[in-house]
Amino acid sequence: MKKPTSRDVANLAGVSPSTVSFVLNDRKDISISDGTRLKVLDAAKQLNYTPNQFARGLKTNQSKLIGLIIPTITNPYYPMLTQSIEEYAASSGYNILLCNTYRKVENEEFYLNLLTNKSVDGIIYGFTPNYPQIACKISSSIPVVIIGEKDDTVKISTVALNSFMAGEMIGQHLISLGHKNIAFITSPLEGMSLSRQKRLHGIKSKLKEYNLEKNLVIKAESYENESNDSTYEIEIGYNLTSTLIKETKVTAVIGVNDMVAFGALNAINNMQLKVPEDISVCGFDNIYLSKVIRPGITTVDHLTFHRSKLAIDILINRMGNGDEDVYRVEYEPRLIVRESTGPV
DNA sequence: AGCCTCTTCGATCCTCAGCA
DNA sequence: TGCTGAGGATCGAAGAGGCT
């Protein structure tokens, strides 16, 4: 069975292929009689015709595809990001090609090359690139926008979140509740995780303001153990918190993200302690689960939808109008206080 | 064998002819 | 003169076929 083409539609309707193109693309600058228009639409419906996107791209030099690169799908933050990007891109007539790097540099490079070969119209990074040199090189031929950390050395438009401020917000919140012994638990801090480091710096800076910096306990999983298992981050939170409670007298635990905070919550519950009466727990990202579980997790919202929308707008502006400017937009995070944090 | 030219795929769009 | 719609060039890559 051969897929019907515009020529088949034209033959059935008794018009030329160009007339089919005018009608189906609803060209306002060309007048077509209502009778011809109806004949074309009927023929297209009868044949169940859909335009061949590759052929269209051949002529227009547009694939209407945007490549979205994310580091993992196991953390619900990234599906949330993907969904908001997909929805907004669709409303502008674009489709998304999703690439999951599993936080591996070689996968990132592979997908960048794949997306270039697939002739996508633009690329969105859902995180700060681990390979900025390659991303910069590709951005000279394909529009690229990063939804990640602000980095002035990278000449790519970036829609960032102030992770330092996010850390400060959490720190200030816990201090205002009277917490003096605070722990920060995290997946590996080495190498690639700029946002993890900035969150920590923000927390440190706020504690320093109150002369509490020395009280901060930092527990990080080692880089060698980083995995793509779907429960990996929850396990880190669980294991690090279990050790923490045995070894120290912390009254508040900050997870590097909500998933790690979930693990902390489980560990505390398992040790017959109460959240927040015995230990307060908070995280970052404001994923939907942090609102659903009990107690709800105090966290920092990333304004994911707004940032996704802006990233697509910047990308489409460059794809459509050839806008060469490099934009660096930084959003201020929002603290979301829920039941998992309380007074000491 | 190696190189070059032509053809093919399907949709789009510019140009132009026919007609009222 | 304006409306309508046909003809054909064009896009990029791959394969076929011809020539040296």
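In what follows, chains carry the letters A, B, and so on, assigned in the order in which the sequence lines appear, proteins first and then strands, with residues in each chain numbered from 1.
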Side-chain N,O (A:Ser21) to OP1/OP2 (B:dT12) below 4.0 Å: yes
For A:Arg307, all residues meeting salt bridge (Lys or Arg N to Asp or Glu O under 4.0 Å), sequence neighbours excluded: none
A:Ser176 side chain to A:Gln172 backbone, donor-acceptor under 3.5 Å: yes
Distance, rounded to the nearest Å, where A:Lys39 contributes NZ and C:dG5 contributes C1': 10 Å
Side chain A:Thr101, main chain A:Cys99, donor-acceptor under 3.5 Å: no
Set of residues satisfying side-chain contact (heavy atoms from CB on, under 4.5 Å) with respect to A:Val344, sequence neighbours excluded: A:His179, A:Thr251
Contact under 4.0 Å: A:Ser6 side-chain N or O vs B:dA11 OP1/OP2: yes
Value in whole Å for how far the P atom of C:dT4 lies from CG of A:Leu38: 14 Å
By salt bridge (Lys or Arg N to Asp or Glu O under 4.0 Å) - contacts of A:Glu86 (at least two apart): none
A:Tyr49 vs B:dA11: side-chain N/O to OP1/OP2 distance below 4.0 Å: yes
Flag, side chain of A:Arg199 to backbone of A:Val256, donor-acceptor distance under 3.5 Å: yes
Rounded to 10 degrees, the angle between the two terminal axes of the helix from B:dA1-C:dT20 to B:dA20-C:dT1, each from five pairs: 60°
For A:Ile124 against A:Ala311, the heavy-atom pair lying closest together: CD1-CB, 4.4 Å
Contact pattern, 5' to 3', of nucleotides 15-20 of chain B - B, S or - by protein heavy atom under 4.0 Å: ------
Contacts of type side-chain contact (heavy atoms from CB on, under 4.5 Å), residue A:Thr341, not counting sequence neighbours: A:His173, A:Leu174, A:Leu177, A:Ser280, A:Cys282, A:Thr298, A:Val337
Minimum-distance nucleotide (side-chain atoms of A:Thr36 versus B:dT12, C:dT4, C:dA6): C:dT4
